[in-house]
Amino acid sequence: MTAPLRGSDPIVVDVALGERSYDIVIGRGQLASLGARVAKLRPGAKVALVSDSNVAAHHLEAAAAAAKAGGLQVSTIVLPPGEGTKSFEHLAKLCDDLIAQRIERRDLVVALGGGVIGDLSGFAAAIVRRGLDYVQVPTSLLAQVDSSVGGKTAIDSPQGKNLIGAFHQPVLVIADTALLDTLPAREFRAGYAEVAKYGLLGDAAFFAWLEANWKDVFAGGPAREHAIATSCRAKAAIVARDERETGDRMLLNLGHTFGHALEADAGYSDRLLHGEAIAIGMALAFEFSARRGLLPKAEAERAIRHLAAVGLPTRVADVSGGTSGVDRLMTLIGQDKKVARGELTFILVRGIGSAFVAPDVDAADVRAFLAEKLA
Ligand SMILES: NC(=O)c1ccc[n+]([C@@H]2O[C@H](COP(=O)([O-])OP(=O)(O)OC[C@H]3O[C@@H](n4cnc5c(N)ncnc54)[C@H](O)[C@@H]3O)[C@@H](O)[C@H]2O)c1
Ligand SMILES: [Zn+2]
């Protein structure tokens, strides 16, 4: 927890990746600086603003005006909202549209949206003309603290989420915290699970700050900016150490092994949003760690209590419509990419703020634990 609380000045977090380094600019009203900031990086560039229809209805006009204010030529592409847009069909159409709009090597793609638009636009930028630069203007809390940072881009395959993609870092991220005012409350809360994750995995002081200040984070203002900046700083530090997820970056998967299985079991539907699944997954990871004697039960309970206090689900029983049972969940966990030879790689915890990669968790232990939770 290193960022001071600030007023109207943006907080700038550096993602230190050598010649691929970039800034994350965080603050209320920062969308207005889009044109000036892009013009500084690429004077006279054309920008293609890519959005979904929900976000476009609220923010596309302001984004286009901000880009034009920097003297940039602007074209727009609006896609349907929802995870289904991360498909080959929409990728192909987006690539064709970018080419038709004559977006060339010195031009830019600007992703204005949540993680769906960010992941799809980033991937299109990675492959059109063998690589275009792109800017992320994340509009969901999840996108501001997670998906817009770190350069993972992807679409989904019928076999699973995010299976087709590329590492492609943006050249700039502008996280305007005021854009979150139009985000549905349930989406904001789900994104908050990833904010809490940074405290739970590596920053006990930040977690304690969240326990005391979460209401202000939800309300907006400087506390929200502080929470987003602290989250981005945590992710940026991990990505700078391990861009391609061969080690430390795996810590960002705290709660995700259980969470992905629950999310897949619920069919990636409104029954369970990603962040909600991750809240349950983190609660399970803490309980499972406590049961293995890695931390006191009371500390696991404290972690879970905060997630529940903000209104996130924390128990498997909280999934609306229920789950398909332990066999199905174990199959889904087995399909998770973090599996090797019957042993599971899990992110476990020795306490709040002390997650670690456990490469050798016995699948039978996980099954017994889940069976008990489902009983
Ligand atoms: N690349 C990464 O590192 C990474 C990390 C985490 C998640 N992801 C991906 O991110 C995606 C989920 O992102 P998400 O939760 O942002 O979903 P999303 O993009 O579907 O956005 C959630 C919903 O909120 C709407 N919305 C977004 N911003 C809004 C705003 N300001 N006002 C009103 N409505 C708004 C969207 O239209 C959508 O209906 C998943 O596909 C996931 O795989 C990627
Ligand atoms: Zn996540």
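All ligand and atom numbering here is 1-based and tracks the order in the structure.
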Please determine if E104 and K46 form a salt bridge, counting it only when a charged side-chain N lies under 4.0 Å from a carboxylate O. no
Report yes or no: does D119 contribute a side-chain atom to a donor-acceptor pair with the main-chain N or O of V116 at less than 3.5 Å? no
Are any of the N/O atoms in S140 less than 3.5 Å from those in ligand 1? yes
Of all N/O/S atoms in E194, which lies nearest to the Zn ion (ligand 2)? OE2
Distance-only N or O hit between ligand 1 and P81, under 3.5 Å: no
Show me which atoms of ligand 1 lie under 4.0 Å from any heavy atom of D52. 36 (C), 37 (O)
Numbering the atoms of ligand 1 from 1, which are under 4.0 Å from a heavy atom of N54? 36 (C), 37 (O), 39 (O)
E243 versus Q169: any side-chain heavy-atom pair under 4.5 Å? yes
Nitrogen or oxygen atoms of R249 and ligand 1 under 3.5 Å apart: no
Where does L183 meet ligand 1, judged by heavy-atom distances below 4.0 Å: at the side chain, the backbone, both, or neither? both
Can you find an N/O atom of G115 closer than 3.5 Å to an N/O atom of ligand 1? yes
Please list, in number order, the atoms of ligand 1 under 4.0 Å from a heavy atom of E83. 40 (C), 41 (O)
Name the orientation class of the two ring planes belonging to F258 and F369 (parallel below 30°, tilted from 30 to 60°, perpendicular beyond 60°). tilted
Which ligand 1 atoms does V55 reach within 4.0 Å, using its non-hydrogen atoms? 26 (N), 27 (C), 28 (N), 29 (C), 35 (C)
Taking only non-hydrogen atoms of H59, do any sit less than 4.0 angstrom from ligand 1? yes
Ligand 1 versus E194, non-hydrogen atoms closer than 4.0 Å: side chain, backbone, both, neither? neither
A124 to L98 - nearest heavy-atom pair and separation: CB-CD1, 4.1 Å
May I ask you to check whether P184 has an N/O atom sitting below 3.5 Å from an N/O atom of ligand 1? no
Any side-chain donor near an acceptor of the partner, S75 and Q101, under 3.5 Å: yes
Please step through side chain to side chain donor-acceptor pair (under 3.5 Å) for the pair H59 and T139, ending with a clear verdict. CA-CA 9 Å; H59 305 297; T139 64; over 6 Å; no
Determine whether the side chain, the backbone, both or neither of T139 has a heavy atom under 4.0 Å from any heavy atom of ligand 1. both
Ignoring hydrogens, what is the shortest heavy-atom contact between A111 and G118? Give both atom names and the distance. CB-CA, 4.0 Å
How about K197 and D146: do any of their side-chain heavy atoms sit closer than 4.5 Å? yes
H274 NE2 and H256 NE2 subtending at the Zn ion (ligand 2) (10° steps): 110°
Evaluate H58 for polar contact with ligand 1, using N/O atom pairs at a separation under 3.5 Å. no
Ligand 1 contact on K235 by region, counting heavy-atom pairs under 4.0 Å: side chain
Can you tell me if Q144 has a non-hydrogen atom under 4.0 Å from ligand 1? no
Paired with R28, the side-chain hydrogen bond (donor to acceptor under 3.5 Å, both in side chains) test is passed by just one of T177, D181, D176, namely D181
State the atoms of ligand 1, each with its element, that fall below the 4.0 Å cut-off from a heavy-atom position in N162. 43 (O)
Does any N/O atom on D146 come nearer than 3.5 Å to any N/O atom on ligand 1? no
Give a yes/no on ligand 1: does K161 have at least one heavy atom closer than 4.0 angstrom to it? yes
Pull out every atom of ligand 1 sitting under 4.0 Å from any heavy atom of K86, numbered as shown with elements. 9 (C), 40 (C), 41 (O), 42 (C), 43 (O)
for atom 7 (C) of ligand 1, nearest protein heavy atom and its distance come out as L142 CD2, 3.7 Å
Looking at R224 and A219, what are the two nearest heavy atoms and their distance? NH2-C, 3.9 Å
Looking at D365 and R292, is there a salt bridge between them, counting it only when a charged N and a carboxylate O are closer than 4.0 Å? yes
Run the ring-ring contact (aromatic ring centres under 6.0 Å, His included) test on F346 and H256 for me, step by step, so that the C-alpha distance in whole Å, both residues' side-chain angles and the decisive distance to 0.1 Å come before the verdict. CA-CA 9 Å; F346 255 82; H256 282 61; over 10 Å; no
Donor-acceptor pair, D242 side chain versus T246 backbone, under 3.5 Å? yes
Residue, atom and distance of the protein heavy atom nearest atom 21 (O) of ligand 1 read G114 CA, 4.3 Å
Of the backbone atoms (N, CA, C, O) and the side-chain heavy atoms from C-beta on, which set of E187 has a member under 4.0 Å from an atom of ligand 1: side chain, backbone, both, or neither? side chain
Protein heavy atom at shortest distance from atom 20 (O) of ligand 1: V116 CG2, 3.4 Å
What is the closest protein heavy atom to atom 4 (C) of ligand 1, and at what distance does it sit? S147 CB, 3.2 Å
Side chains of Y22 and V173, heavy atoms from C-beta outward: is any pair under 4.5 Å? yes
Quick check, are the ring centers of Y198 and F206 under 6.0 angstrom apart? no
Contact with ligand 1 for D119, non-hydrogen, under 4.0 angstrom: yes
With heavy-atom distances below 4.0 Å as the criterion, list the atoms of ligand 1 near T182. 30 (C), 31 (N), 32 (N), 33 (C)
Using the ring centroid of each side chain, check whether F123 and H90 are separated by less than 6.0 Å. no
